[in-house]
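Inspection log for the structure reproduced underneath, given as C-alpha cells.
Since this is a predicted model, take the numbers as computed values, not measurements.
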Amino acid sequence: MNFEPTNQTPHILHPFHSVLLDADLCVGCTTCIKFCPTKAIRVRNGKAKIFEDRCIDCGECIRRCPKGAKKAVSDPLFVMDAYDIKVALPAPSLYAQFGTAYAQENIFNALLSAGFDEVFDVAWGALVVTEMTRDILAHEALRPRISSACPVVVRLIQQRFPSLIPNLMPILPPSEIAAREARRRLGALSQKIGIFFLSPCTAKVTSVRAPLGYEESAIDAVFSFGDIYATLKRALESLPPPGTPTDKDAAS
C-alpha cells in the first residue's frame, strides 16, 4: 500500500476550519493576535476576526484567549450510527488521559464496550512512518528533513516558509496510514465501515476534511478526547479491575 502523499505544494485551502470564534464572548483584547504564528487574527469593530486563508488551526488562540472565545469543533459521536462496522483509531496520548491505573488493553476493551467494533492503534502507523523515514534518510542527501506528521507544521511551512516545502517528508501522517491499513484489512466485509480517529488536536479535524497532499482521507470522522472521555471512563469503571481472572482464565 502506498503511504506517500501525492502533493504538498501550496493550494487553495478548504473553507472548513476546526478553530472558530464565539463573537459573543470576545472582548477584543488582542491577546490572540500576539500569539498567532501566522498573523491570521485581527480585531475589527471590537471583535477578533480569524482570516481563514491564514489560519492553520494550531489552536494557540484557544489556549491563550482569556475569555474562552475561541472554540475547537470536532465531529459528534452520533455519526457512528451511520456505519455497520465502527473502527476506533486512538491516538497514543489517549492512554495517558486515564493515568497508570489502566493498561492499553483496558483502554481497548473500554472502546469496544463503548460501541466500537474494532480498535486499530495509531501507534502502528507511527512505526511505519519511522521505518519509511529511516529509509529516506539513508538514500537521499537532501537535508534537513521535516516531519509531515503534524498538519500544523505542514500548513505553517506552506504559509510562512514555502521554500522548505521540498524538505517535508513525503509520508502520510500516522493516523492516515493506520486508517488505510485498517480499511484494507476489513475490505472483504460487505458492511459499511466507519473509521474514527480519537485525537486531542484541532488541526487533525481540519486535515481529515481538507487533506494535505492527498485527495481524500480514509478517516470518516474525528472525535475529541473531551467528547469521548466520559464515555470511556464509564466503560472502564464498568469493566473488571485489571488483573481480575476472566472466564477464559478459569476454564484453562
Side-chain angles (χ1 to χ4, degrees), residues 8-79 90-99 122 146-165 167-168 173 175 196-213 217 219 221-233:
Q8 290 175 318
T9 57
H11 58 283
I12 298 176
L13 297 180
H14 194 281
F16 175 85
H17 281 282
S18 59
V19 176
L20 301 179
L21 169 73
D22 185 339
D24 292 336
L25 296 178
C26 179
V27 297
C29 68
T30 73
T31 300
C32 54
I33 294 177
K34 299 173 184 176
F35 294 99
C36 179
T38 57
K39 304 185 185 303
I41 306 176
R42 291 290 183 270
V43 171
R44 296 288 185 269
N45 300 318
K47 301 288 183 179
K49 176 180 174 59
I50 301 175
F51 290 87
E52 294 183 349
D53 60 334
R54 296 183 181 181
C55 178
I56 58 175
D57 294 290
C58 66
E60 187 65 12
C61 59
I62 297 175
R63 189 169 75 90
R64 299 285 186 172
C65 180
K67 300 298 181 180
K70 312 300 188 301
K71 308 290 185 181
V73 298
S74 56
D75 295 300
L77 298 178
F78 66 74
V79 301
S93 52
L94 177 66
Y95 314 130
Q97 307 307 306
F98 302 96
V122 172
I146 304 171
S147 171
S148 58
C150 175
V152 169
V153 171
V154 175
R155 289 189 184 276
L156 179 64
I157 289 175
Q158 289 179 337
Q159 289 270 359
R160 301 293 300 275
F161 311 102
S163 64
L164 292 177
I165 289 176
N167 297 77
L168 285 168
S175 56
F196 306 104
F197 183 31
L198 313 182
S199 172
C201 176
T202 57
K204 297 295 176 61
V205 180
T206 302
S207 67
V208 167
R209 302 285 186 90
L212 297 170
S217 175
I219 298 169
V222 181
F223 301 146
S224 72
F225 283 2
D227 288 339
I228 198 72
Y229 179 85
T231 300
L232 286 183
K233 186 64 174 177

Looking at every non-hydrogen atom in both residues, tell me the closest pair between [X] and [Y] and how far apart they are.
X	Y	result
Ala210	Arg155	O-NH2, 3.2 Å
Lys204	Pro151	CE-CD, 3.4 Å
Phe197	Ser199	CE2-CB, 3.5 Å
Ser18	Ala203	OG-N, 4.0 Å
Cys26	Leu21	CB-CD1, 4.1 Å
Cys61	Ile41	CB-CD1, 3.8 Å

N/O donor to acceptor pairs below 3.5 angstrom from side-chain atoms of residues 64-72, sequence neighbours left out:
from, atom 1, to, atom 2, distance (Å)
Arg64, NE, Glu60, OE2, 2.8
Arg64, NH2, Glu60, OE2, 3.4
Lys71, NZ, Gly68, O, 3.1

So, do [X] and [Y] sit near enough that their side-chain heavy atoms are less than 4.5 Å apart?
X	Y	value
Asp227	Pro76	no
Cys58	Pro37	yes
Val73	Phe16	yes

Distance check, rounded to the nearest 0.5 Å: [X] atom [atom1] versus [Y] atom [atom2]?
X	Y	atom1	atom2	answer
Arg54	Arg160	CZ	CZ	9.0 Å
Leu212	Ile157	CG	CD1	11.0 Å
Leu156	Ile56	CG	CD1	4.5 Å
Gln97	Leu232	CD	CG	10.0 Å
Leu198	Ser93	CG	OG	10.0 Å
Thr231	Phe223	OG1	CZ	10.0 Å

**OP:** With sequence neighbours left out, write down each residue that passes side chain to side chain donor-acceptor pair (under 3.5 Å) with Ser217, or none if nothing qualifies.
**Re:** Glu176

Original post:
Under the criterion side chain to side chain contact (heavy atoms under 4.5 Å, CB included), which of Ile228, Ile219, Leu77, Val79 is the partner of Phe196?
Top reply: Val79

For [Y], is there any backbone N or O sitting under 3.5 Å from a side-chain donor or acceptor partner on [X]?
X	Y	result
Gln159	Asp53	yes
Thr202	Val19	no
Asp75	Val222	yes

Original post:
Among pairs that include at least one residue of residues 36-50, which meet side-chain hydrogen bond (donor to acceptor under 3.5 Å, both in side chains), considering only residues two or more places apart or in two chains?
Top reply: none

